[in-house]
Amino acid sequence: MKLEVNLAGLSLKNPFTVASGTFASGKEYADLWSNLDKRDRPLCHASLSLLGAITTKGVSLNPWPGNEGIRITETASGMLNSIGLQNPGVEEFCAKDLPWLATQDVPVIVNVAGHSTEEYVAVIQRLEQERTVSAFEINISCPNVDCGGISFGVDPKAASQVTQACRSATKRPLIIKLTPNVTDITTIARACEAAGADALSLINTVAGMAIDAKSRKPVFSRKVAGLSGPAIKPIALYAVHRVFNAVDIPLIGMGGIASAEDAVEFLLAGATAIALGSHNFTDPLAVPHILKDFMHWCEQEGIKDVSELIGGLQ
Amino acid sequence: MTLELACDSALAALVEDTTVYANKRLTGDLWKLVLRSPRIAPLVQPGQFVHVGFDDTSRHILRRPLSVHDVFCVEGDDALHLSLLYQVVGKGTAFLTNCSRGDRLNLLGPLGNGWHLPKDARCILLVGGGVGWAPLHLLANTAQSQDAEVHALIGARTASYYTTLVLDKGDGPFCHDDKPPVIASGDSLDKPPVIASEAPEGCEAWQSTAAVRDQEASHSATVFFHPATDDGSLGHHGFNTDLLESLLATYRFDYIATCGPEPMQRIVAEKARQHGIACEVSLERRMACGLGACLSCVVETTDGKKRACIDGPVFDAREVCW
């Protein structure tokens with residue numbers, strides 16, 4: 001069975017990656033996976049190289065402290081988060097995370113965060129010096145920061161401008177991560193494609209809110225937070241389906257994937273690769289477990305090449 | 001005194017499908033869950049926690065972090081079991097109450113940075129607020145095995161809540177009875193309030209144990225309990241922190257550990273600082289991954305934001321920005 005997929009020139013040994021922010025740079029999970037019993041392992045080596053690619057936590061030019069107060073709450077079949085892209089900045093990322101990632105035999109998609117177009121570009125320019133970086137995923141869709149983030153992702157002109165600026169800063173695969181919090185996601189998708197994006201990731205979290213009835217106050221300091229988990233899967237699936245029909249570049253589908261069958265559904269809707277996000281919290285062995293189930297599913301269904309599934313919706 | 005590791009540094013975590021041995025309401029909204037855990041239980045260090053997964057992940061997608069209260073064997077089974085005390089505060093803990101013997105629960109653990117009891121500690125104080133006693137219980141055992149004199153200052157809502165917390169020693173899953181073993185007068189320190197851990201009868205118990213203490217004989221079987229209750233039904237009527245100053249004046253503690261409501265821990269940390277005593281606190285945060293990846297559970301420290309799941313839950317009291 002052929003599991004390899006090609007994502008905008010990036011060869012992935014299987015279609016699985018992780019959603020930015022749920023997995024840091026992977027070391028915490030790799031440590032756990034290396035403790036697995038052999039019988040739990042779907043392949044002979046349980047390390048990050050199980051993944052088709054790793055997608056890192058968002059990296060900004062300078063250190064960001066993230067948001068104050070409560071950062072997560074559980075919802076029906078999902079969760080809200082308001083982490084606020086806390087990260088130590090690109091220099092520390094290059095010094096601490098990239099050397100370790102270089103030993104992991106896995107393509108590295110670095111998620112890039114910024115408050116301004118210049119900041120996105122500056123992060124890319126710094127990372128251009130690093131051989132370990134396989135591709136960039138530009139986060140123009142985070143609902144949890146005040147300036148930048150989602151403000152670029154809800155306006156086709158701004159999305160196009162950021163994409164263009166990033167495009168001129170790198171020749172490596174450029175992936176733009178889209179928000180579902182827009183009137184028509186295909187308009188934004190087309191704008192990014194026209195501005196030079198090689199691929200699109202969708203969806204980022206859905207904007208939501210939680211209220212503490214007793215204190216009569218919002219749970220999160222910024223009121224808004226990002227909804228993820230199985231609750232948003234139908235929204236994500238529909239977004240992938242629509243964008244697949246609107247653009248010619250490959251898609252990374254994500255949003256509530258919690259089983260091999262979920263992953264298959266995203267491929268059928270048009271995703272070339274898929275990302276596991278919140279499900280890593282439910283099951284820290286989600287990647288090995290779902291990959292094993294996925295291979296089993298394909299075998300049962302007589303799938304010879306996983307590419308047969310991509311956009312295979314009838 | 002410098003803090004040092006009482007044991008080897010924490011081993012890497014595992015994922016284990018454990019079996020529910022017992023799950024029982026102790027009193028009010030306080031429950032105790034006992035899990036058969038042959039793989040994780042042997043690795044637990046005092047102060048560490050496990051991340052409990054539910055089998056209804058279509059509704060509850062997040063695990064719940066619960067401190068390990070005790071590790072022990074049950075009769076007729078060589079495999080180690082661990083106990084968790086939990087208070088029903090939300091949907092997750094409410095769901096846990098539905099578990100019954102034989103059910104499977106997926107654990108991730110042991111997780112976190114536990115207590116760092118100094119090896120040369122002679123006399124220590126544990127300050128627990130309600131269910132915050134849970135991670136202090138194993139520490140009390142460790143301290144006793146090091147021959148340290150252990151004082152436990154415990155705040156609880158009522159006598160029955162207190163009694164359940166303290167008497168449930170974990171040498172059996174539900175070994176408590178409903179009567180307080182010894183009434184200790186927490187607010188009268190000229191007669192040190194004492195309960196022997198062997199739970200003897202009535203007032204004589206504390207007199208005899210106190211006599212042992214006075215003769216500076218072995219303290220290894222003794223924890224001196226100082227209770228405070230919200231309703232005054234046992235010990236001091238009021239907050240346990242009301243008793244701190246007089247305890248600190250009476251005994252020469254060389255280490256303080258605390259867990260419970262954060263305002264309580266903050267007072268304990270401040271008193272420890274004033275008296276120059278090493279103090280560790282165990283902080284509770286909402287948690288997603290439990291592994292240090294998601295940054296949901298951060299704690300503000302003098303060294304920036306740290307993660308309760310992996311840098312904590314136990315922190316040096318001096319580094320926490322309250």
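Basis for what follows: all heavy atoms, side chains included, without hydrogens, waters or symmetry-related copies. Below, chain A is the first sequence line, B the second, and so on; all start at residue 1.
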Polar side-chain atom of [X] near backbone of [Y] as donor-acceptor pair, under 3.5 Å:
{"X": "R71(A)", "Y": "L295(B)", "value": "yes"}
{"X": "R59(B)", "Y": "S77(A)", "value": "no"}
{"X": "S296(B)", "Y": "I72(A)", "value": "no"}

Inset, instruction - Enter the distance from L285(A):CG to L108(B):CG here, rounded to the nearest 0.5 Å. - result: 8.0 Å
Inset, instruction - Find the distance between CZ (R285(B)) and CD1 (I70(A)) and round it off to the nearest 0.5 Å. - result: 9.5 Å
Inset, instruction - Output, in order, the C-alpha distance, side-chain angles, deciding distance and verdict of side-chain contact (heavy atoms from CB on, under 4.5 Å) for C289(B) and F23(A). - result: CA-CA 9 Å; C289(B) 72; F23(A) 210 73; over 6 Å; no
Legend entry - Over all atoms of both residues, closest heavy-atom pair of P284(A) and L291(B): CB-CD1, 4.1 Å
Legend entry - Closest non-hydrogen atom pair between V219(A) and R286(B), with its separation: CG1-NH1, 4.3 Å
More than 12 heavy atoms of other residues, nucleotides or ligands under 6.0 Å from [atom1] of [X]: is that the case?
{"X": "F239(B)", "atom1": "CZ", "answer": "no"}
{"X": "R266(B)", "atom1": "CZ", "answer": "no"}
{"X": "E261(A)", "atom1": "CD", "answer": "no"}
{"X": "D78(B)", "atom1": "CG", "answer": "no"}

Legend entry - Lys/Arg N to Asp/Glu carboxylate O, E74(A) vs R63(B), below 4.0 Å: no
Inset, instruction - Check step by step if side-chain contact (heavy atoms from CB on, under 4.5 Å) holds for L32(A) and V15(B). - result: CA-CA 8 Å; L32(A) 182 74; V15(B) 177; 4.1 Å; yes
Quick one: what part of [X] sits under 4.5 Å from any heavy atom of chain B, side chain, backbone, both or neither?
{"X": "N87(A)", "answer": "neither"}
{"X": "K57(A)", "answer": "side chain"}
{"X": "I83(A)", "answer": "side chain"}
{"X": "S25(A)", "answer": "neither"}

Inset, instruction - Tell me, out of M287(B), K91(B), R64(B), E300(B), who's got the most heavy-atom pairs with chain A below 4.5 Å. - result: R64(B)
Inset, instruction - Apply side-chain contact (heavy atoms from CB on, under 4.5 Å) to I61(B) and F281(A), showing your working. - result: CA-CA 8 Å; I61(B) 72 161; F281(A) 305 151; over 6 Å; no
Legend entry - Residue selection (most heavy-atom pairs with chain B, distance under 4.5 Å) from M79(A), E28(A), E68(A), K27(A): E28(A)
